[in-house]
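Accompanying notes for the structure given below.
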Amino acid sequence: MGFSFNIQKPLISFNLDVSFTCENSRLLVLIGPSGAGKTMLMRLIAGLERPKTGRIVYENQIWVDMDRCVFLPPQSRCVGYVFQDYPLFPHLNIQRNVAFAAGSGTDVDHLMKDFDIWHLRHRKPQEISGGERQRCALCQTLARKPQMLLLDEPFSALDVITRRTLRSQVIGLRSKLDIPMIYVTHDINEALAIADDILPIVAGKVDRDWIQQPVEHDERGNVIPMKAARRPRLSLAY
Amino acid sequence: MDMNSLILSPLYLSLQLALVTTTTLILLTAPLAYLLVHARFPGKSFFEALLNLPLALPPTVIGFYLLILMGPEGAAGRTWEAVTGSPLLFTFTGITLASMVYSLPFALQPMKAAFEKIDRRLLESAYVLGLTPMSAFVKVVLPNSLHGLAASAILVFLHTLGAFGVLLIVGGSIPGETRVFSIAIYEAVQSMNYREAGILSFILLPVGFLFLLLVNRLIRR
């Protein structure tokens, strides 16, 4: 169960061809150099891009099956997707932004207090700082009660201290929410700090050599994401 | 001539025409402009050029084609008459339709510009948050392009107040029905009644100036 991804899509400079799985309550970190196709991968999961071939399945719900012409639009996937410089709705104040897509029974006020943005509730997005905006974006996404959380370098543009605080909040979420979480970064230290599993992506393919680790396969020949906890001493190989 | 038929009736008619044209045109062109910004379909540039054609043609040319189209032998005129039992030419409805065609590009352009300015990622997050394209248009696009909508509305309003050639050909000069401000001025000049023409013209001067100042402020935002 959980989430399984097996997608091929030709891009301008390489073909994206990646398959992996991610179980509920696991935090999978996609790591790799800029332009490796990590963001494209996230957009494919969110439903913002169409693959050429492949399947995306969550629990027993088929999101994408190109052989059978199945493609669930982003509206029907109930995914939370936060990325760098996430645009909040400029015409709404922070409270309305968070409540924008809130599911029934979501305690928006409580969520905002949890993420320390309650005092900003009457401000507009353009009147708060970058860190506060990203926290607000996370709240907006969580208020919808997503069945999967995608975080694409959500805190890269922030200062070290804010980044550390937000990162620990993300780690906290993993135990609170029983959903698969995928986190994109190109910072190996960040990956090691938060990951349950790490999947290195280089030029559209899973490339274990990028962090000097042997590739492991399961009995069906699929690449097994490595366990970061078991391999604490990873290093970059350029 | 008394004050009513000299000034008030054409003024009232012009304002009524401008108001109806503006409201209808904004409602119709908002989805159209959005479609032009986001949709891809064969013949799109041809279609867009057709919509902007009134900008490139002399008003009398537009008026002539509309006269043919809206006349008893024309497709629009015949259909209208079959449905409602009354003609289109030389009626208020007729000049409203004509001024809508005439002002279409003025409604379209500022709205298109406003929609293009909206961050594409804003729409994408709206979709990911569960909104359909239709509800994203209403809840995200429209509230963030209010200045563009307002600029469109003001331009159409002014352009309709100033319309002359098209309206004269399609509507003639029937007092209380099609004799709008600009036509009243033209007729006053034709009959060498410069005092009347002067009073009528002077009324429009501050109105136009004020509205343009407003457009400038909106565009700068």
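In what follows, chains are A, B, ... by sequence order, proteins preceding strands, each numbered from 1.
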Distance-minimising heavy-atom pair for A/Arg174 and A/Met181
CA-SD, 3.7 Å
If you tally heavy-atom pairs under 4.5 Å between each of A/Ala101, A/Pro90, A/Ala137 and chain B, the highest tally belongs to A/Pro90
At a heavy-atom distance under 4.5 Å, which candidate from A/Ala143, A/Pro87, A/Pro74 has the highest pair count against chain B?
A/Pro87
Considering heavy atoms only, which positions within residues 121-140 of chain B lie below 4.5 Å of chain A?
B/Arg121, B/Leu122, B/Glu124, B/Ser125, B/Ala126, B/Tyr127, B/Val128, B/Leu129, B/Gly130, B/Leu131, B/Thr132, B/Pro133, B/Lys139, B/Val140
Reported CG-to-OH distance for the pair A/Leu150 and A/Tyr81, which is rounded to 0.5 angstrom:
7.0 Å
Any chance CZ of A/Arg163 has more than 12 other-residue heavy atoms, nucleotides or ligands included, within less than 6.0 Å?
yes
Closest non-hydrogen contact found for B/Lys44 with B/Ala39 is NZ-O, 3.0 Å
Below 4.5 Å from any heavy atom of chain B, which atoms of A/Leu92 appear? Answer side chain, backbone, both or neither.
neither
Cation-pi geometry met for A/Arg77 and A/Phe71 (6.0 Å, 45°):
yes
Least distance between heavy atoms, A/Trp118 atom then A/Gln95 atom:
CZ3-NE2, 3.7 Å
More than 12 non-hydrogen atoms from neighbouring residues, nucleotides or ligands closer than 6.0 Å to OH on B/Tyr186, yes or no?
no
